[in-house]
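Working notes, beginning with the structure itself.
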Amino acid sequence: MKKLKYERPVIKKMNAGLMNKFGTRTEFQPVKHIDGVPVTQLIAEYGSPLFVLSEKQIRRNYQSAARSFKTRYPKVQFAWSYKTNYLNAVCNIFHQEGSWAEVVSGFEYHKALGNGVAGNHIIFNGPDKKREELILAIENDSLIHIDHFDELYNLIEICEELNKKPRVAIRINLDTGVYPLWDRFGFNYENGQAWNAISKIVGSGKMQLVGLHCHIGTFMLSTSAYAIAASKLCELAMRCKNLLYTPIQYLDLGGGFPSTNTLKGAYLPGVDTVPSVDDFAEAITTVILGYGFKQEELPLLILESGRVLIDDAGYLLGSVIANKRLSDGRRATIMNFGVNTLFTSFWYEHKISPAQDFNQHTEDMVLYGPLCMNIDVVRDSVNLPLMNPGDHVVVHKVGAYNMTQWMQFISMRPSVVLIDEQQNVHQIRRAENLEYIELMEQVPAHLQQFKLV
Ligand SMILES: *Cc1c(COP(=O)(O)O)cnc(C)c1O
């Protein structure tokens, strides 16, 4: 007979199956499959932890968001935000669906070119574009979104040297009623800086001002903030046309729509509270359509959504290393993934499901990662069924930002697999190993030979 494991009993308030403060029952379902593929099979083949992406869900998200805008407005273009997830397989799904590329660094720019995106379908954002990168972007006819005056002056010089007239936009920051203001990027609307930059660009005669851009924040919960942003961009576009005889070809409203994750400290789960893409689309397009553009002069509407298109298409599979009792009697479970792998656990209360059957006894517990660091907390307090070492869990909605912000700290980055629409599993990034970690290292000769005595 299998010997039962002994766990020291603790006297705790029993909360199995209780109503929570919203009157809903906390329910647990084991999650044993992702898109029809058994979790146990994925872990057996690719190890644990393991990131899993659903191609079906990514395409569904894209198509649904595109529909939200295209059913309301005649000219819409999405540009995939590379920094949200720049695994090439992921980017190529979006490009196949029709997305352009939105990049914020030189290496992302090269990634987009490598993925076959035409130069004129790459939007180059960000405050740190190197001279060579700007030159390349100009040669490729990419859309350069200017962030600050120093960049503007550099560009004027480069244009003179190359004798080229690139297509540019400016990034604009503005007061949307959401604070703190995101005023560190771009030119300010309210104090006239944006108009000043526009006048300088048009006045220089060295560039074609084709667009106006803003990205008002991330995980934005307010649709009215987008309505305000849209109306301020429209006002500037009208001024460009009427005062500078420079019609604006596109308005780029950036990204920032929230996924249905639950923010830390939020009172209600994200699924119940965040506005839908339809709500944002309604707010934005109502303003632009009502602003007074002639039908044939309506600007192209560009969206740079990241998070909302991929978060719920990503899962992290992980395993329990151990359970322990903290000094105050609280249960602690140590997982084999921490904030190094799941960076977004700093912001989100990620939903976590056991991946196997369990008995109905649940307990509030803290979930730690494996790092030797006090801040390595995956969930501060979560009510879960008791799990044993070796049991697996599925962390939900991890597709955005984790596969770019993950850290190679103490443990290495795990494999990433993509389940395609026919339920075939493809490894799209191998797990890192020691050889990979040391690839870039160089040891000086005098430090190569020594004897430890
Ligand atoms: C990060 C970023 C995005 C994507 O933001 P999400 O919040 O993920 O939608 C879009 N545009 C710019 C300029 C960005 O920096």
Side-chain angles (χ1 to χ4, degrees), residues 58 61-62 64-66 68-69 76-87 90-91 94 99-109 111-112 121-129 137 142-148 151 168-174 176 178 181-187 194 211-223 225-226 229-230 233 250-261 263 270 274-277 279-281 283-284 301-314 343-344 346-348 397-405:
I58 295 174
N61 289 345
Y62 176 86
S64 151
S68 296
F69 279 91
V76 177
Q77 179 63 52
F78 277 77
W80 174 239
S81 156
Y82 264 47
K83 76 173 189 295
T84 307
N85 189 321
Y86 43 56
L87 292 170
V90 168
C91 297
F94 286 106
S99 261
W100 293 358
E102 185 273 327
V103 305
V104 290
S105 71
F107 104 80
E108 289 183 5
Y109 186 91
K111 245 176 173 299
H121 290 164
I122 303 178
I123 295 173
F124 199 176
N125 277 319
D128 178 25
K129 310 180 194 76
S142 299
L143 296 162
I144 301 171
H145 287 187
I146 304 171
D147 184 78
H148 45 72
E151 181 170 72
V168 303
I170 59 164
R171 172 142 176 195
I172 295 159
N173 67 68
L174 33 83
T176 58
V178 175
L181 292 179
W182 264 36
D183 59 357
R184 58 174 287 181
F185 302 107
F187 302 91
L212 299 174
H213 171 228
C214 66
H215 171 61
I216 59 176
T218 192
F219 211 94
M220 302 296 288
L221 295 168
S222 154
T223 54
Y226 283 89
L233 293 194
Y250 67 86
L251 300 181
D252 180 345
L253 268 287
F257 304 152
S259 67
T260 51
N261 258 307
L263 282 180
V274 302
S276 66
V277 177
D279 299 332
F280 289 105
I284 292 169
L301 172 58
I302 298 181
L303 285 315
E304 303 172 340
S305 293
R307 196 186 291 284
V308 72
L309 298 183
I310 194 159
D311 225 6
D312 67 353
F343 190 83
T344 52
F346 284 127
W347 321 112
Y348 290 147
K397 300 177 189 173
V398 304
Y401 294 103
N402 284 301
M403 281 151 262
T404 46
Q405 289 187 298

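First listed ligand is number 1; within each ligand, the first listed atom is number 1.
The side-chain contact (heavy atoms from CB on, under 4.5 Å) with His145 is formed by just one residue from the set Val168, Val104, Asp252; it is Asp252.
Note on Glu108 versus Lys83: no salt bridge recorded, every NZ/NE/NH1/NH2 to OD/OE distance being 4.0 Å or above.
An N or O contact shorter than 3.5 Å is missing between Val104 and ligand 1 by distance. When only interatomic distances are considered, the shortest N/O to N/O separation between Gly256 and ligand 1 falls below 3.5 Å. For ligand 1, the polar-atom distance check against Asn125 finds no nitrogen or oxygen pair separated by under 3.5 Å. At least one N or O atom of Lys83, backbone or side chain, sits closer than 3.5 Å to an N or O atom of ligand 1.
Between the side chains of Thr260 and Lys397, a donor-acceptor pair is found at a separation under 3.5 Å. If you check the side chains of Ser142 and Tyr109, you find a donor sitting under 3.5 Å from an acceptor.
At distances below 3.5 Å, at least one donor-acceptor pair connects side-chain atoms of His215 with backbone N or O atoms of Gly255. A donor-acceptor contact shorter than 3.5 Å links the side chain of Trp80 to the backbone of Asn85.
Note on ring orientation: taking the six-membered ring where Trp is involved, the planes of Tyr86 and Phe107 are perpendicular (angle over 60°, cut-offs 30° and 60°).
For ligand 1, the atoms lying closer than 4.0 Å to a non-hydrogen atom of Arg171 are 13 (C). Atoms of ligand 1 lying under 4.0 Å from at least one heavy atom of Thr218, given by number and element, are 6 (P), 7 (O). Taking every non-hydrogen atom of Thr84 and a distance limit under 4.0 Å, the qualifying atoms of ligand 1 come out as 8 (O).
Across the listed options Glu304, Arg307, Glu102, His145, Glu304 owns the non-hydrogen atom lying nearest to atom 11 (N) of ligand 1.
The closest approach between any non-hydrogen atom of Tyr401 and ligand 1 is below 4.0 Å. Distances from ligand 1 to the non-hydrogen atoms of Met220 include no value under 4.0 Å.
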